[in-house]
Amino acid sequence: MSIVGHFINGASNETHSRLQDIYNPATGEVSRQVAIAPKTTVEDAISAAHAAFPQWRDTPPMKRARIMFRYKQLLEKRADEICRLIGQEHGKIVHDAAGELQRGIENVEYACGAPEILKGEFSKNVGPGINSWSDFQPLGVVAGITPFNFPAMVPLWMYPLALVCGNTFVLKPSERDPSATLYIGQLLKEAGLPDGVFNIVNGDKEAVDTLLTDKRVKAVSFVGSTPVAQYIYATATANGKRCQALGGAKNHAIVMPDADMENVVNSLLGAAFGSSGERCMALSVAVAIGDDIADELVSQLKDRMSSLKMGVYSDKNNDFGPVITREHQQKVFGHITSAEQQGATIVVDGRKTQVSGYENGFFVGATLIDNVTTQMDSYQAEIFGPVLQVIRAKSMQEAMDMIDEHEYGNGTCIYTRDGEAANYFADYIQVGMVGINIPLPVPVSYHSFGGWKNSLFGDLHAYGPDGVRFYTRRKTITQRWPSANLREGAEFSMPTMK
Ligand code: NAD
């Protein structure tokens, strides 16, 4: 059985306190084992990053950017292998893996602009003969802790930008599908990154806790579930670190009576069931305004769902694959059963759907649940499976209140032809990312990604301009070179511009 190890100081390393099975979710079989790093191995990775920092910090941004240009080319050249690894351990279909990788590469492209994005701010003549400027300097060693659902894209949200800003990095990927993350991380060496600047340790809570408490780590980026995000944020900040911790989600789509129904149905099918609903931006609740529109929506979705194709990653014709583990499959089934027991209507039931030849896979069929209410446990929870719930509301304001009252505020969207309604929604909804007739409003790499409420802990969003601010700290320098005609006497009052 092959072992997925670590990448420390430019070398592979399989040190472990134990080995943990990695599954192929389509077959239900163990495919590899991941080395769970003991504390000392994580400390070795931090030491490597700490030692590499002084020289990397002083490397000109253009040189750092050139490594990212080569890195982008390598990611594109090796895309098939990367997507295969994603498919084998995550289960998503090859076209979806390619989409994930492309969105990740776009973050590398943004990082290629390092000399431009690190230019800083300059003001001449803030006083007689005085100039002032702000530098954006790196923090030192920063850590990233990432979830299973985007083993390439979410790590790529973090380290390309952190590295071009002059930091060194230790990444702790998800232990459930670490192979693609390790593979793309190692390509940085081939792109010319000096050893020690980027390191990967595989592990569990012990590895994470070491990153959260070691004094040499200056900042932590986390993406994962909300309870863990809360823990990461509280522990990292209590240990004096800068932290951004992105958490879970429950994303609602409001379907207004004037919406383009064909667009709504197409959008909802892809955004609810794509990637088996295992996306933090998945649309998992449709709020239909009025019973007529709700009946129409449910009827059209039901018809279209009968032709969805669930299966294995290698077949491009499949729409989505299995969920990540047997436990998660059972958890999703539990949410469907709970909705049923609490009075909702199961319109399409994915609990018994199987894929021929893959009966032991962790599959959950696409499920549609109508007549859901906000009191139901399945509404309150993030299901993270191919389950779409329909709620019937009387007005847009009732739907907006519902969204605002939910603990999560990651993404949302509205389907309408009414520009005034859409603008009101975008202005006032208490959610960080908003779509207007767009189902998955994931910001492009030159904007920033983040939710509100319990979907994000910290002040800055991920990647893009907020990412640059997160991975740098401002230093403002005020300078004068005194000359005879500018020399002033001693001043005892607060200096002001006279
Ligand atoms: P998770 O919280 O279980 O794990 C995320 C990371 O935290 C992993 O690396 C894991 O090893 C580590 N971890 C888990 N438990 C820990 C603990 N007790 N102490 C310290 N570290 C721990 O999340 P997941 O199941 O891998 O990913 C799915 C979740 O991530 C969903 O809730 C999804 O919404 C969320 N997510 C959010 C975003 C976003 O941008 N907001 C993006 C992707 C995924």
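Note that these values count all heavy atoms, side chains included, but never hydrogens, waters or copies made by symmetry. Computed from a predicted structure; not experimentally measured. Numbering of ligands and ligand atoms starts at 1, following listing order.
For Phe150 and His90, the ring centers are positioned 6.0 Å apart or more.
Contact between Tyr408 and ligand 1 is absent, with no heavy atom of the residue lying under 4.0 Å from the ligand. Within the 4.0 Å heavy-atom shell around ligand 1 one finds Pro173. Using a non-hydrogen distance threshold of 4.0 Å, Val223 registers as a contact of ligand 1. For Arg279, the heavy-atom gap to ligand 1 stays at 4.0 angstrom or more. Note on ligand 1: Gly451 sits outside its first shell, no heavy atom being nearer than 4.0 Å.
Remark: the backbone N or O of Gly248 is paired with a side-chain donor or acceptor of Thr226 at under 3.5 angstrom. At distances below 3.5 Å, at least one donor-acceptor pair connects side-chain atoms of His16 with backbone N or O atoms of Glu14. Not one N or O on the side chain of Ser314 forms a donor-acceptor pair closer than 3.5 Å with the backbone of Val312.
With respect to Glu175 and Lys205, no salt bridge is recorded, no charged nitrogen being found less than 4.0 Å from a carboxylate O. A salt bridge links Glu89 with Arg32; the closest basic N to acidic carboxylate O contact falls under 4.0 Å. Ion pairing between Asp459 and Arg242 fails under the 4.0 Å rule for side-chain N and carboxylate O.
Aromatic ring orientation, Phe363 versus Tyr358: perpendicular (interplanar angle above 60°, classes split at 30° and 60°).
The closest protein non-hydrogen atom to atom 44 (C) of ligand 1 is Asn149 OD1, 3.2 Å. For atom 35 (C) of ligand 1, the nearest non-hydrogen atom of the protein is Gly224 O, 3.1 Å. Here the heavy atom of the protein found nearest to atom 23 (O) of ligand 1 is Ser225 N, 3.5 Å. Of the protein's non-hydrogen atoms, the one nearest atom 21 (N) of ligand 1 is Val208 CG2, 3.5 Å. Closest to atom 27 (O) of ligand 1, if we only count protein heavy atoms, is Pro147 CB, 3.3 Å. Atom 25 (O) of ligand 1 has its closest protein heavy atom at Arg176 NH2, 2.7 Å. In terms of protein heavy atoms, atom 26 (O) of ligand 1 is closest to Phe148 N, 3.0 Å. Closest to atom 39 (C) of ligand 1 among all protein heavy atoms lies Cys280 SG, 3.4 Å.
Of the candidates Tyr231, Trp157, Phe384, Phe222, it is Phe222 that places a heavy atom closest to atom 7 (O) of ligand 1. The option with the heavy atom closest to atom 6 (C) of ligand 1, from among Ile324, Val228, Thr146, is Thr146.
Of all the atoms in ligand 1, the ones that sit under 4.0 Å from a non-hydrogen atom of Ile145 are 6 (C), 7 (O), 9 (O). Heavy-atom proximity to Glu175, at under 4.0 Å, picks out these atoms of ligand 1: 10 (C), 11 (O). Of all the atoms in ligand 1, the ones that sit under 4.0 Å from a non-hydrogen atom of Phe449 are 39 (C), 40 (O).
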- Item | Glu106/Tyr110 under side-chain contact (heavy atoms from CB on, under 4.5 Å): CA gap, chis, key distance, verdict | CA-CA 6 Å; Glu106 288 169 16; Tyr110 182 73; over 6 Å; no
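Glu278 places a side-chain heavy atom less than 4.5 Å from the side chain of His328. Under the 4.5 Å side-chain criterion, counting only non-hydrogen atoms from C-beta, Tyr231 is in contact with Asp209.
With a 6.0 Å cutoff to the six-membered ring centre and a 45° limit on the axis angle, Arg469 counts as a cation-pi contact of Phe136.
Under the 4.0 angstrom criterion, atom 4 (O) of ligand 1 counts as lacking any protein heavy-atom contact.
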